[in-house]
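Everything on this sheet refers to the single structure shown next.
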Amino acid sequence: ARVNKHERYLAIEIFEYLAKAYNKKPEKYLALIWLARTHMELNEMNKAEVYLKLMDEGKAPPDKFKSEYNAVYADFFIRKKQYDDAIAKLEEALKTTKKRKDKQRFNYVLAQLWLKKKEFSKASEFFTKVIDLKPRYDMMFNAQISRALSFDVEGKDNDDVKKMLTKMMKDAKNKEFLDQI
């Protein structure tokens, strides 16, 4: 609640207390993850790195926290513009997550990272995975547009992209977005 209210320094105090109070319990890792996340929001990357490496050096986080840990670590690498490391961490997060929304989000970010690296076929592959996961409307629309933009001329999906765009143009929900399509 403190993080959402933008009371980040109070949140840090609480997370530090929880990490110490639950030192021998799995919940300690959740507090450390939130400590790293909160420090990143404050642009205190060195402090965030300390908490991330603390989890890396000690026992690995329990399985129920691995996905979130890898996602936060990927966010850390993205903020530092270390995209290859971010991709590796996000792929780890994707392997361990069971939540559909997280799968959609991780695949979408992976697609964007591959697009940033100008690896269009990989970007297209991950945008397709997002589309297959049937996300909410705005993410679906953006994934479809981005897939078309990452279109690989020498790829096999030329007709698929044309069909997808044609179908999008005919959909009444997309009437105001025809310029983008």
Side-chain angles (χ1 to χ4, degrees), residues 1 3-4 6 26 29-30 32-41 48 52 55 60-152 155-181:
V3 172
N4 290 335
H6 301 283
Y29 293 99
L30 190 56
L32 292 174
I33 289 167
W34 274 97
L35 272 166
R37 180 180 282 157
T38 307
H39 281 295
M40 284 190 301
E41 286 182 20
L52 291 168
M55 288 183 279
D63 288 344
K64 66 180 179 178
F65 301 128
K66 271 191 179 155
S67 178
E68 193 167 355
Y69 163 73
N70 284 312
V72 170
Y73 219 140
D75 184 24
F76 172 79
F77 284 130
I78 290 169
R79 290 172 190 241
K80 293 192 81 170
K81 297 183 181 359
Q82 297 173 350
Y83 302 124
D84 291 329
D85 294 328
I87 287 169
K89 285 294 183 184
L90 264 179
E91 286 176 343
E92 283 299 312
L94 199 54
K95 288 178 192 172
T96 55
T97 190
K98 292 180 179 20
K99 296 178 185 174
R100 190 165 157 232
K101 279 191 175 200
D102 286 345
K103 288 180 183 182
Q104 294 167 350
R105 191 167 48 100
F106 297 160
N107 276 304
Y108 194 86
V109 174
L110 275 167
Q112 290 176 315
L113 289 171
W114 284 114
L115 201 56
K116 197 169 220 38
K117 291 180 51 127
K118 299 191 182 335
E119 295 278 344
F120 300 114
S121 61
K122 287 292 264 185
S124 182
E125 175 188 327
F126 280 99
F127 282 125
T128 302
K129 288 180 183 181
V130 173
I131 294 165
D132 291 343
L133 287 166
K134 307 274 190 253
R136 63 185 191 276
Y137 172 75
D138 58 335
M139 185 182 277
M140 174 73 90
F141 180 84
N142 287 319
Q144 289 172 322
I145 293 295
S146 296
R147 179 177 174 225
L149 291 172
S150 64
F151 164 72
D152 185 11
K156 306 173 228 162
D157 57 352
N158 299 357
D159 291 332
D160 292 344
V161 172
K162 287 178 186 175
K163 286 178 189 174
M164 177 189 70
L165 290 171
T166 305
K167 187 177 176 184
M168 287 174 70
M169 286 174 46
K170 292 178 183 176
D171 192 343
K173 288 185 287 190
N174 296 331
K175 197 168 209 153
E176 61 187 274
F177 303 113
L178 289 176
D179 60 327
Q180 292 178 45
I181 299 171

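Just so it is clear, the values below take in all heavy atoms, side chains as well, and ignore hydrogens, waters and symmetry mates. Treat the numbers as computed from the prediction; the structure is a model and nothing was measured.
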Are Tyr69 and Tyr29 close enough, and set up right, to give a side chain to side chain contact (heavy atoms under 4.5 Å, CB included), and what steps lead you there? CA-CA 8 Å; Tyr69 163 73; Tyr29 293 99; over 6 Å; no

Could you pull out all residues at least two apart from Asp132 that satisfy salt bridge (Lys or Arg N to Asp or Glu O under 4.0 Å)? none

What residue pairs, at least two apart or across chains, pass side-chain hydrogen bond (donor to acceptor under 3.5 Å, both in side chains) with a residue in residues 136-145? Arg136-Asp138, Tyr137-Asn174

Suppose we screen for side chain to side chain donor-acceptor pair (under 3.5 Å). Which residues come up paired with [X], at least two apart in sequence or across chains?
| X | answer |
| --- | --- |
| Tyr73 | none |
| Arg79 | Asp75 |
| Lys66 | Asp63 |
| Glu125 | none |

Phe65: what forms a ring-ring contact (aromatic ring centres under 6.0 Å, His included) with it, not counting sequence neighbours? none

With Phe127, which residues qualify under ring-ring contact (aromatic ring centres under 6.0 Å, His included), at least two apart? Tyr108

Leu94 side chain near Asn70 side chain, heavy-atom distance below 4.5 Å: no

Looking only at heavy atoms, which two atoms of [X] and [Y] are closest? And how far apart?
| X | Y | value |
| --- | --- | --- |
| Gln104 | Leu133 | NE2-O, 3.1 Å |
| Ser150 | Phe120 | O-CB, 3.3 Å |
| Ala48 | Met40 | CB-CG, 3.5 Å |
| Met140 | Lys134 | CE-CA, 4.0 Å |

Solution key, residues 80-93 side-chain donor-acceptor pairs under 3.5 Å, sequence neighbours excluded:
unit_1	atom_1	unit_2	atom_2	d
Asp84	OD1	Lys117	NZ	2.1
Glu92	OE2	Lys95	NZ	3.3

Can you list the residues that meet the side-chain contact (heavy atoms from CB on, under 4.5 Å) rule with Arg37, with sequence neighbours excluded? Trp34, Glu41, Glu68, Val72

Check the pair Phe106 / Ser67 against side chain to side chain contact (heavy atoms under 4.5 Å, CB included), numbers first and verdict last. CA-CA 10 Å; Phe106 297 160; Ser67 178; 3.5 Å; yes

